[in-house]
Amino acid sequence: MRRRSLLLAALPAGLVTLSACGDDKSGASKGASPSPSVSSAPPPKIVDGPLPAITAGKKFGEKPTVAKGTGEPSPNLAVRTVIAGSGRTIAENDFIEANYLGQIWDTAKVFDNSYDRGRLLLMQLAQGTIIDGWRYALAGKKTGSRVEIAVPPKLGYGKAGQPDAGIKGTDTLVFVIDLIESFNSKSSAQGKPVAQSDPALPKVGTNTDGQVPKVTVPKSDPPKKLASVYVLEGDGPELKADQTVLCQFQGLVWEGGKTFQRTYGSGRLSQFSLEQMQQTVKGLAQGLTGKKVGSRVLIVVPPELGYGDNPPSGGVIKKDSTLVFTVDILAAM
């Protein structure tokens with residue numbers, strides 16, 4: 001079983017449950033993540049130390065070895081940019097893709113790291129979805145940076161700690177974080193356009209500005225089988241069936257071409273597990289599995305792989321509707 005990151009402050013934000021789809025006239029996805037509430041507490045004081053030395057694995061992307069903390073840690077949030085990147089500036093509520101290692105100040109015991117798992121962390125920097133130490137330390141940093149932070153208990157797991165990980169309520173935590181990429185509601189797939197030559201399938205816009213791509217559904221009958229084709233082909237790794245996807249998407253009904261749900265232009269992104277989607281809209285999960293990160297994919301889902309004769313109530317999806325999805329695969333973990 002894949003180990004879950006200890007950084008979660010709550011369940012991952014942005015989980016879309018398509019079984020609840022209805023007619024969303026505003027264009028916003030009702031199941032997409034709500035904008036996190038703003039904390040009423042003032043931001044913490046940020047200081048530049050003390051911080052333990054990184055003794056090995058000093059290059060960006062290498063698993064670091066970090067010395068034990070010496071003396072008393074600061075009661076404030078300590079932040080140091082070890083390697084300055086030149087990529088996109090990260091803002092609160094962005095999603096980040098990162099490698100990281102976390103250990104305890106007093107003992108140098110490593111309690112979690114992504115380098116050994118071989119899968120990047122994908123998480124939203126929002127209140128309630130990640131520990132506050134990360135949320136405040138990483139806002140304003142650039143992708144391509146390595147950042148070291150020391151998080152006091154009040155900005156980590158509080159007085160309760162994380163007993164399962166050996167973290168006490170009095171422990172200051174040290175993290176080294178390699179910021180790979182960030183995403184927000186204006187992000188789009190950036191792959192190369194692929195010829196759309198099949199007249200039996202909808203035509204999809206190739207814009208990469210974060211706005212909703214235009215979909216033109218043919219007047220003909222829909223295909224009987226699942227169709228999944230690239231509109232923009234990225235160069236990232238292929239999605240595996242056990243991964244979680246971060247994406248922009250829209251869903252339409254073939255008959256009439258009406259939109260029932262979308263994230264484009266809504267100020268939100270969607271994050272969902274392909275295993276959970278397999279239980280909800282099987283054709284969407286199957287159509288995404290094996291596709292490359294960084295791509296825009298057109299997926300046409302026949303009724304038996306969608307909602308069949310049990311559609312959501314009160315929306316544009318009717319019994320035995322064929323569904324059309326465009327999905328910009330931004331990242332996966």
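FYI, the numbering just counts along the sequence from 1. These numbers come from the heavy atoms of this one structure, side chains and all, not from hydrogens, waters or symmetry mates. What you see is a predicted model; the values in this text were computed from it and never measured.
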Is there a side-chain contact between [X] and [Y] (heavy atoms, below 4.5 Å)?
| X | Y | answer |
| --- | --- | --- |
| Val245 | Leu274 | yes |
| Thr322 | Val253 | no |
| Lys142 | Arg88 | no |
| Leu232 | Val194 | no |
| Ser273 | Glu275 | yes |
| Val297 | Ser228 | yes |
| Ile299 | Val324 | no |

What closest approach, in Å, do [X] and [Y] show between heavy atoms, and which atom pair accounts for it?
| X | Y | answer |
| --- | --- | --- |
| Ser270 | Thr263 | CB-CG2, 3.8 Å |
| Ala332 | Gln243 | CB-NE2, 4.1 Å |
| Pro52 | Gly69 | CG-CA, 4.0 Å |
| Ala241 | Thr289 | N-CG2, 4.0 Å |
| Leu201 | Ala227 | CD2-CB, 3.8 Å |
| Ser295 | Gly234 | OG-N, 2.7 Å |

ILVMFWY cluster, [X] and [Y] together (side-chain gap under 4.5 Å):
| X | Y | value |
| --- | --- | --- |
| Ile130 | Phe175 | yes |
| Tyr230 | Leu298 | no |
| Val212 | Val231 | no |
| Ile96 | Leu173 | yes |
| Leu226 | Val281 | yes |

Checklist entry - Under the side-chain contact (heavy atoms from CB on, under 4.5 Å) criterion, do Gln248 and Arg268 qualify, and how do the steps go? => result CA-CA 8 Å; Gln248 296 265 29; Arg268 303 167 182 173; over 6 Å; no
Working to the nearest 0.5 angstrom, can you tell me the gap between [X] [atom1] and [Y] [atom2]?
| X | Y | atom1 | atom2 | answer |
| --- | --- | --- | --- | --- |
| Leu323 | Leu252 | CG | CG | 9.5 Å |
| Leu125 | Ile131 | CG | CD1 | 11.0 Å |
| Thr170 | Lys168 | OG1 | NZ | 5.0 Å |
| Asp178 | Glu97 | CG | CD | 12.0 Å |
| Thr172 | Ile167 | OG1 | CD1 | 11.0 Å |
| Ile104 | Asp171 | CD1 | CG | 4.5 Å |

Next on the checklist: Under the salt bridge (Lys or Arg N to Asp or Glu O under 4.0 Å) definition, can you give me all pairs with a residue in residues 42-63, not counting sequence neighbours?
Outcome noted: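 Listed by first then second residue: Lys63-Asp116.
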Checklist entry - Which pairs with one or both residues in residues 281-303 pass salt bridge (Lys or Arg N to Asp or Glu O under 4.0 Å), sequence neighbours excluded? => result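 Checked against salt bridge (Lys or Arg N to Asp or Glu O under 4.0 Å) - neighbours excluded - the pairs reaching residues 281-303 are Glu233-Lys292, Arg296-Asp328.
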Next on the checklist: Side-chain heavy atoms under 4.5 Å apart, restricted to Ile/Leu/Val/Met/Phe/Trp/Tyr: what other residues fall into the cluster of Val110, or is it alone?
Outcome noted: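 Result for Val110 is Ile54, Phe60, Val66, Val82, Ile83, Leu101, Trp105, Tyr115, Leu120, Val174, Val176, Ile180.
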Do the side-chain N and O atoms of [X] and [Y] include a donor-acceptor pair separated by under 3.5 angstrom?
| X | Y | value |
| --- | --- | --- |
| Thr129 | Gln124 | no |
| Asp320 | Tyr307 | no |
| Lys141 | Thr81 | yes |

Checklist entry - Taking NZ, NE, NH1 and NH2 as the nitrogens, is one of them in Lys203 or Asp198 under 4.0 Å from a carboxylate oxygen of the other? => result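 Asp198 and Lys203: not salt-bridged.
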Next on the checklist: Walk me through whether Tyr100 and Asn113 qualify under side-chain contact (heavy atoms from CB on, under 4.5 Å).
Outcome noted: CA-CA 6 Å; Tyr100 69 97; Asn113 88 90; 5.6 Å; no
Checklist entry - Under 30°, 30 to 60°, or over 60°: which ring-plane class applies to Phe260 and Phe325, parallel, tilted or perpendicular? => result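 Plane angle over 60°, so perpendicular.
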